[in-house]
**Q** 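Sharing a structure, written as structure tokens. Questions coming.
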Amino acid sequence: MNAITASLWIYGLTIVFALAVALIIRGMGSLVKRLGLDRNGDELDITIPSSNQLKEEEMIAVVVAIARSKHEQGD
Amino acid sequence: MNLESLNQIFQGIGTLFAVHPQLAAARIGLIFLGLLLIYLGRKGVLEALIMIPMGLGMATVNAAVMFFDPLKLHGGVGTLFVEPQAGATTDAVRNAADLMTILQIDWLQPIYTFTFSNGLIACLVFLGVGSLLDIGFILARPFTSMIIALFAELGTFVTLPIATVFGFNIKEAAAISIVGGADGPMVLFTSLQLAPHLFVPIAVVAYLYLGLTYGGYPYLIRAMIPKRIRSIPMKPPKNQRQYSAFEKLVIASVSCVVLSFLLPVAAPLILSLFLGIVIRESGIKPFQELVSGPLLYASTLFLGLMLGVLCDANTIMDPKVLPLLLLGSLSLLVSGFGGLLGGYFMYWVSKGEINPVVGIAGVSCVPTTAKVAQKVVSKDNPGAVIMPAALGANVSGVITTAIIAGLMCTLLRNIVTN
């Protein structure tokens with residue numbers, strides 16, 4: 001393939017593809033609005049606890065247990 | 001103790017006398033160039049994130065040469081850093097043995113072999129870049145941004161035929177010309193696909209020049225656009241819609257799938273970029289912090305360091321490197337020129353509402369060129385804000401370069417060249 005022809009071909013195809021992508025982006029923008037996909041207020045719920053959370057929960061459990069045993073001794 | 005014994009003890013200096021004087025001079029020159037890159041990176045003239053590790057790597061690799069050449073590729077001298085030619089022969093058995101030997105000797109060889117030569121580092125950088133991109137900027141003006149980006153790809157298409165005049169075959173010419181797309185990861189990816197033997201010099205030239213765009217493009221903008229037009233403030237587009245994070249996530253996911261359908265060859269890069277965008281918009285904070293922080297910065301650090309250690313005198317003195325230096329700078333210059341022409345075109349179409357300086361951001365090099373555009377405009381009119389439009393052109397520049405990389409790899413990869 002001649003270099004100039006190849007260059008022009010690739011440029012031409014790039015223009016077509018890029019404008020198609022722009023059209024898709026514009027179209028998707030209108031579509032998501034029409035479908036009412038707006039979930040602006042939604043917060044993602046990550047239910048898997050982190051190792052820090054587990055440690056904190058363990059520490060809280062220990063503190064609660066100590067407090068309970070002191071309370072029972074006091075009784 | 002004779003001179004030969006001293007050369008053996010101080011091998012870094014001794015090897016200077018054991019090789020061709022031109023090579024020795026190049027080593028010394030590269031040591032000083034490496035130190036200069038650190039200085040210019042620190043001063044903010046060049047991109048510090050790449051240039052500081054690259055400069056130190058370049059200076060050190062050219063100092064630490066010794067009488068050691070386990071694969072007998074460099075006339076008895078070498079380093080303990082990396083050997084990009086290991087496993088590059090036509091003999092598969094020898095390749096495996098050579099690679100195994102070098103992986104056990106050169107400390108950066110595992111990073112080169114497992115992240116550079118397969119394009120993984122490019123994808124990791126793109127993943128990080130994606131997590132910093134807000135597609136809301138391109139959603140505001142999709143066609144304007146894309147048209148500017150298409151103009152800003154001019155350098156790639158002008159340089160491709162010119163490179164063949166310099167004696168490069170069409171695949172090599174394509175790999176060199178995509179430097180005009182100003183996207184480091186894309187340059188790495190395309191050169192690995194089309195001209196793996198030129199991967200090292202092309203990658204080095206590309207990143208050197210991408211660092212220089214920060215310093216050079218403001219002069220091009222001032223030369224092409226008069227102050228009166230440069231200081232035009234930009235209003236947000238009429239009837240501009242606001243998109244929620246969820247809507248952006250949907251649009252990015254669909255765009256990723258569509259682009260991968262169109263360009264399967266560039267799918268690893270496309271997925272990496274859009275995965276970054278989707279992570280950003282999905283609200284998964286731990287992922288976002290990982291990819292936009294540790295992953296991006298670790299990849300950039302090793303990218304810079306690896307490019308530096310690949311700049312040894314043997315590679316740089318390759319006769320094919322000088323034309324690469326010329327073609328790389330031509331490609332970026334013409335792309336900058338094209339981008340500003342695109343800016344002028346949109347200025348004319350919008351009847352003066354779009355500041356043509358935005359055009360330079362179409363060259364891509366996220367987010368450097370957008371920052372350059374805003375900086376130049378702010379100097380002439382501190383109240384003028386063009387950053388949102390510039391970032392839209394920036395993101396479009398990434399998309400158009402991904403399209404070109406995909407097209408080049410698809411159309412040219414199977415062409416038989418001599």
Side-chain angles (χ1 to χ4, degrees), chain A residues 1-70, chain B residues 135-136 138-147 149-150 153-154 156-165 168-170 173-174 177 241-255 258-259 262-263 282-286 396 399-404 406-408 410-412 415:
Chain A
M1 196 188 286
N2 178 297
I4 296 174
T5 318
S7 185
L8 290 174
W9 253 107
I10 297 171
Y11 205 179
L13 285 170
T14 306
I15 292 169
V16 173
F17 278 33
L19 293 178
V21 170
L23 195 66
I24 290 164
I25 290 172
R26 164 67 61 86
M28 284 300 298
S30 306
L31 192 66
V32 291
K33 284 283 174 206
R34 196 167 297 172
L35 291 175
L37 292 175
D38 194 349
R39 302 255 192 100
N40 211 4
D42 279 7
E43 281 292 322
L44 194 75
D45 176 28
I46 303 170
T47 49
I48 303 163
S50 68
S51 59
N52 283 348
Q53 274 172 296
L54 289 172
K55 267 185 199 156
E56 280 167 16
E57 279 167 17
E58 272 175 21
M59 284 165 68
I60 291 166
V62 170
V63 170
V64 169
I66 292 168
R68 187 174 288 168
S69 77
K70 275 189 179 171
Chain B
I135 59 159
I138 185 174
L139 281 165
R141 295 183 175 91
F143 285 99
T144 304
S145 304
M146 210 58 95
I147 288 167
L150 284 167
E153 295 292 354
L154 201 63
T156 303
F157 298 106
V158 168
T159 309
L160 197 155
I162 293 174
T164 56
V165 176
F168 292 102
N169 66 45
I170 197 159
S177 64
R241 285 175 177 170
Q242 292 299 317
Y243 292 92
S244 68
F246 187 78
E247 288 168 335
K248 287 179 193 169
L249 183 146
V250 172
I251 293 165
S253 306
V254 173
S255 303
V258 170
L259 275 171
L262 296 174
L263 305 158
S282 65
I284 309 173
K285 285 219 168 64
S396 301
I399 293 171
T400 50
T401 313
I403 292 171
I404 294 167
L407 286 170
M408 280 179 169
T410 308
L411 296 175
L412 305 177
I415 287 181

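Every value quoted in this text rests on a predicted model; they were computed, and no experiment measured them. So you know, we letter chains A, B, ... as the sequences are listed, proteins then strands, and number each from 1.
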**Q** Is any side-chain heavy atom of B:Val254 closer than 4.5 Å to one of A:Leu31?
**A** no
**Q** Given a strict heavy-atom distance threshold of 4.5 Å, which part of B:Thr400 is in contact with chain A: side chain, backbone, both, or neither?
**A** both
**Q** Looking at every non-hydrogen atom in both residues, tell me the closest pair between B:Leu150 and A:Tyr11 and how far apart they are.
**A** O-OH, 2.6 Å
**Q** Please look at B:Leu154 and chain A and tell me whether the side chain, the backbone, both or neither of the residue comes under 4.5 angstrom of a heavy atom of that chain.
**A** both
**Q** Measuring from A:Ile15:CD1 to B:Glu153:CD, what's the distance to the nearest 0.5 Å?
**A** 10.5 Å
**Q** Counting only heavy atoms closer than 4.5 Å, note whether B:Ile135 contacts chain A via side chain, backbone, both or neither.
**A** neither
**Q** Counting only heavy atoms closer than 4.5 Å, note whether A:Ile4 contacts chain B via side chain, backbone, both or neither.
**A** both
**Q** Roughly how far apart are A:Ile25 CD1 and B:Ser145 OG, rounded to 0.5 Å?
**A** 9.0 Å
**Q** Measuring only between side-chain heavy atoms, which start at C-beta, is B:Leu411 closer than 4.5 Å to A:Leu13?
**A** yes
**Q** Could you report the tightest heavy-atom contact between A:Val32 and B:Ile251, atom names first, then the distance?
**A** CG2-CD1, 4.1 Å
**Q** Can A:Ile10 and B:Leu412 be said to form a side chain to side chain contact (heavy atoms under 4.5 Å, CB included), step by step?
**A** CA-CA 10 Å; A:Ile10 297 171; B:Leu412 305 177; 4.3 Å; yes
**Q** Between B:Leu262 and chain A, which part of the residue has a heavy atom less than 4.5 Å away: side chain, backbone, both or neither?
**A** both
**Q** Determine whether more than 12 heavy atoms belonging to other residues, nucleotides or ligands lie under 6.0 Å from atom CG of A:Leu8.
**A** yes
**Q** If every non-hydrogen atom of A:Ser7 is compared with every non-hydrogen atom of B:Phe157, which pair is closest and at what distance?
**A** OG-O, 2.7 Å
**Q** Of all the heavy-atom pairs spanning A:Phe17 and B:Ile403, show the shortest one and how long it is.
**A** CB-CG2, 3.7 Å
**Q** Identify the heavy atoms of A:Ala3 and B:Ile170 that sit nearest to each other, and give their distance.
**A** CA-CD1, 3.9 Å
